[in-house]
Amino acid sequence: MKTIVLILSLVILVSICHLVLAQDEKGWLGAVFTADQCLKIQPGVYEVKRKLCRIRYRITRHEKTFTINGTLDFNKKFVPTRPRRIELEVLFMDSGYVCRRQVTLEIMVTELPVSFSVATDHTAEPQYIRTYYTLYYQ
């Protein structure tokens with residue numbers, strides 16, 4: 001009887017851990033940002049500079065979609081060693097700056113700058129983008 005209870009407890013624990021991990025994969029959904037943290041999605045070339053990196057976005061509009069081609073480059077003073085892999089979290093916000101969609105990209109780094117590309121549907125209301133990254137050296 002104790003063995004059955006132990007096995008059931010283990011199954012429940014594994015199920016709970018799986019649910020928590022699944023939520024973390026899309027952890028930004030529903031998060032609210034401020035206008036200065038977001039870039040409006042509209043055709044053009046834009047650059048966002050931060051202390052550690054610079055992200056350039058080239059946004060083009062097609063009939064029903066926006067294509068966003070980006071490059072990510074690091075300040076060698078703060079990131080002197082090229083990472084092996086980068087995980088990008090590209091967030092799409094609505095007009096209230098609420099994250100409604102998250103795209104996670106894994107990019108193996110062979111050279112800098114790192115390029116990425118995503119697309120989103122064109123909507124009647126304004127949309128915004130923000131990109132987070134995690135660097136991996138192993």
For the residue pair [X] and [Y], what are the closest heavy atoms and their distance?
X	Y	result
Arg101	Val103	NH2-CG2, 3.5 Å
Cys99	Met93	N-CG, 3.6 Å
Ser115	Thr71	OG-CG2, 3.8 Å
Arg61	Pro43	CB-CG, 3.8 Å
Arg84	Gln138	NH1-C, 3.4 Å
Cys38	Phe33	SG-CB, 3.7 Å

Quick one: does [X]'s side chain get under 4.5 Å of [Y]'s, heavy atoms only?
X	Y	answer
Leu91	Thr131	no
Arg56	Tyr46	no
Thr120	Gln127	yes
Glu87	Leu105	no

Does a donor on one side chain and an acceptor on the other come within less than 3.5 Å for [X] and [Y]?
X	Y	result
Tyr128	Arg130	no
Asn69	Ser117	yes
Thr104	Glu106	no

Would the distance check show the side chain of Tyr137 and the main-chain N or O of Thr81 forming a donor-acceptor pair, the cut-off being under 3.5 Å?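 Side chain of Tyr137 to backbone of Thr81, a donor-acceptor pair under 3.5 Å: yes, one is there.
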Do Gln102 side-chain atoms and Trp28 backbone N/O form a donor-acceptor pair below 3.5 Å?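 Answer holds: yes.
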Distance, nearest 0.5 Å, that separates [atom1] of [X] from [atom2] of [Y]:
X	Y	atom1	atom2	value
Lys76	Leu112	NZ	CG	6.0 Å
Phe66	Tyr57	CZ	OH	15.0 Å
Arg50	Ile55	CZ	CD1	4.5 Å
Arg82	Glu111	CZ	CD	8.0 Å
Ile68	Ile129	CD1	CD1	3.5 Å
Lys40	Ile59	NZ	CD1	11.0 Å

Quick one: do Leu135 and Phe78 end up in the same hydrophobic cluster if we chain Ile, Leu, Val, Met, Phe, Trp and Tyr together by side-chain heavy atoms under 4.5 Å apart?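 As far as the 4.5 Å side-chain criterion goes, Phe78 and Leu135 are connected within one cluster.
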Do Tyr132 and Val98 share a hydrophobic cluster (ILVMFWY, side-chain heavy atoms under 4.5 Å, transitive)?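 No, it is not one cluster - the side chains of Tyr132 and Val98 are not joined through contacts under 4.5 Å.
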Could you go through Asn75 and Lys77, starting from their C-alpha distance and side-chain angles, then the distance that decides it, and tell me whether this counts as side chain to side chain contact (heavy atoms under 4.5 Å, CB included)? CA-CA 5 Å; Asn75 183 335; Lys77 179 179 177 181; 3.2 Å; yes
Given a cutoff of under 4.5 Å between side-chain heavy atoms of I, L, V, M, F, W and Y, with clusters grown through shared members, what are the other residues clustered with Tyr136?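 Its cluster partners, ordered by chain and number, are none at all.
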Ring pair (Phe, Tyr, Trp, His ring centres under 6.0 Å) evaluation trace for Tyr133 with Phe74: CA-CA 11 Å; Tyr133 59 88; Phe74 295 98; 5.4 Å; yes
Quick one: do Ile86 and Phe116 satisfy side chain to side chain contact (heavy atoms under 4.5 Å, CB included)? Show the steps, please. CA-CA 11 Å; Ile86 297 176; Phe116 63 95; over 6 Å; no
